[in-house]
2 protein chains.
Amino acid sequence: MARAAKTSASDVPEKTTRIQEINRRLILDAALDAFSTYGFRGTTIDQIAEKAGMSKPNLLYYFPRKQNIYVTLLEETLAEWLAPLADIDPDGDPIEQLRKYITLKINMSESHPEASRLFANEVLHGAPAISDFLSAHLKPLVDEKAAVIRRWVGEGKLAPVDPYHLIFMIWATTQHYADFDVQVRAIMGGQVGRPGFREQTAQAVLSIILNGIKPRG
Amino acid sequence: MARAAKTSASDVPEKTTRIQEINRRLILDAALDAFSTYGFRGTTIDQIAEKAGMSKPNLLYYFPRKQNIYVTLLEETLAEWLAPLADIDPDGDPIEQLRKYITLKINMSESHPEASRLFANEVLHGAPAISDFLSAHLKPLVDEKAAVIRRWVGEGKLAPVDPYHLIFMIWATTQHYADFDVQVRAIMGGQVGRPGFREQTAQAVLSIILNGIKPRG
DNA sequence: CAAAAACTTGACTACTTGGTCAAAATGCAG
DNA sequence: CTGCATTTTGACCAAGTAGTCAAGTTTTTG
């Protein structure tokens, strides 16, 4: 039953039964689909319940409030979403580390576009549900990695570049392919689905950004 | 100004009175604010009416459907939004043209963030109201400019780069500052509002992208 | 200035939707 | 198998919201 943190909803009660585990998963999967497509307001509980294959009251038995599902999803998603940034190795080769990071992000954008859209939608609307998280977790992590990049610049391993704007650029560019998928498809047509498209994208993005930050003679 | 496409709702009847002009403007301004913040579903007609300083039935006298306001707004916004792309001069200096384009987009992102968010939200949710427009107007324009960029590459004036991905990167990066404003603020704090922030942003973005696509010896 | 046209609104309807509740069905420990 | 705990749901309610309507007010026009 809902452990009712005041803002959060990620409640892992003392005991979690087998049925609970299964149904929570069903609900969250269905909800991710719906929320990422229609947004919070645009999604109805009935919709989620139907997709999850259960009645609305039953769904509400697991998540007493619509908001609970939403917040749980966001929290569950965010950790995974940020992991690649945390994995940047301060002692690695700068260009190699950033290449790895960008590649990972592009792959995630293709394999979990719903997660990207869920997050984009939330931030676009002012991040009402996760602004605390942004200050508490995202900022420190970004500050830490920005410091690493700044050091790399200082050591002459990268061209002089503002680390924050570099990180924003990487986020913006990679997530664009998930968040603006419809637009990308409208413009590039059938190419998008084709095998190799992701590689082509990665190649283009890496080429511009990495060349843009390579130390210049 | 929207010239009454058939699917569209922007109906400019033969005669437009002074009062009509004023009130339509009031409504559209109020609606842009609301829609860009809360999305289509999250915005109520009452909200818009209140912001516009009139009763709901009165608002509905000018726009019989909520959807009409929304579509009119999108159409009105899109032309303006795309203008800078159309202005890229095929005969100009490539780097100079792209510098101008990027700078313009960053300025727009700061001066009209609501427009950017309105559009982002629409596309994020699958562009139900404007997918026709994307195919009919956006694609041809992008194709045209992509051809120009491809020619520049062929002439050795730019490093080999996929023109479509370059355009996407410019869009993604510049609009990021409007669409993800909350996140940018959560990370960069007070700097964001400060005078000179836009210049700093422009400088960082231009530096990476332009260096990334300069022809390499 | 009088009539017509344009504009404005209070009150209302029909419908959607988040959430409740009490009772039934099912699962499970002893 | 029995009885308690967990799970499930049909029926319902209250709030919110898009859109209507008929009756009033203001503006325009001849």
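Not measured: the values here are computed from a predicted model. Lettering follows sequence order; numbering is per chain, from 1.
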- request: Quickly work out the A:Phe63 CZ to C:dT20 C1' distance and round it to whole Å.
  value: 19 Å

task: Report the distance from atom CG of A:Leu59 to atom P of D:dT7, rounded to the nearest whole Å.
output: 14 Å

task: Quick one: label A:Ser55 by what it contacts on the DNA or RNA (base, sugar-phosphate, nothing), any heavy atom closer than 4.0 Å.
output: base

message: Whether the side chain of A:Lys66 and the base of C:dG19 hold a donor-acceptor pair under 3.5 Å is what I'd like checked.
response: no

- prompt: Reckon B:Asn58 has a side-chain N or O less than 4.0 Å from the OP1 or OP2 of C:dT9?
  reply: yes

statement: To the nearest angstrom, the CD-P distance between B:Glu50 and D:dA18 comes to 14 Å

task: Name the closest nucleotide to the A:Arg65 side chain, picking from C:dA11, C:dT20, D:dT8.
output: C:dT20

message: Less than 4.0 angstrom between a side-chain N/O of B:Tyr61 and OP1 or OP2 of D:dT20, yes or no?
response: no

task: Determine: side-chain N/O of B:Asn23 to OP1/OP2 of C:dT8, distance under 4.0 Å, yes or no.
output: yes

- prompt: Between A:Glu122 and A:Tyr70, is any side-chain donor less than 3.5 angstrom from a side-chain acceptor?
  reply: yes

Nucleotide nearest B:Asp46 (side chain, heavy atoms from C-beta), chosen from D:dT17, D:dT7, C:dA6: D:dT17

task: Between C:dG19, D:dT8, D:dA18, spot the one nearest the side chain of A:Ile45, thanks.
output: C:dG19

task: Round to a whole Å and report the spacing from CZ of B:Phe40 to P of D:dT17.
output: 13 Å

- line: Heavy-atom nearest nucleotide on DNA chain C taken for B:Pro57 and for B:Arg18; more 5' hit belongs to B:Arg18

task: Evaluate the criterion salt bridge (charged side-chain N to carboxylate O under 4.0 Å, His left out) for residue pair A:Asp179 and A:Arg117; output intermediate values, then yes/no.
output: CA-CA 5 Å; A:Asp179 301 345; A:Arg117 275 183 223 126; 5.5 Å; no

message: In terms of relative ring orientation, are B:Tyr177 and B:Phe197 parallel, tilted or perpendicular, with 30° and 60° separating the classes?
response: perpendicular

- prompt: Touch check for B:Leu60, heavy atoms < 4.0 angstrom, all strands: base, sugar-phosphate only, or nothing?
  reply: base

query: When the distance from NZ of A:Lys56 to P of D:dC12 is rounded to whole Å, what number comes out?
result: 14 Å

- request: Establish, with yes or no, whether the OP1 or OP2 oxygen of C:dC7 is under 4.0 angstrom from a side-chain nitrogen or oxygen of B:Gln20.
  value: yes

field: Rounded interatomic separation in angstrom, taking CE from A:Met54 and P from C:dG19
entry: 17 Å

query: What's the closest nucleotide to the B:Thr17 side chain, out of C:dC7, D:dT17, D:dT8?
result: C:dC7

field: Nearest-Å distance for atom pair OH/P, residues A:Tyr70 and C:dG18
entry: 14 Å

- prompt: Between B:Tyr61 and B:Asn23, do the side chains contain an N or O donor and an N or O acceptor separated by less than 3.5 Å?
  reply: no

Any donor-acceptor pair under 3.5 Å from A:Thr43 side chain to A:Ala34 backbone: yes

query: How close or far is atom P of D:dG19 from atom CD1 of B:Ile27, stated in whole angstroms?
result: 14 Å

- prompt: Side chain of A:Ile19: nearest nucleotide among C:dT8, C:dG18, D:dT7?
  reply: D:dT7

query: Which word best sums up how the rings of B:His165 and B:Phe168 line up, parallel for under 30°, tilted for 30 to 60°, or perpendicular for over 60°?
result: perpendicular

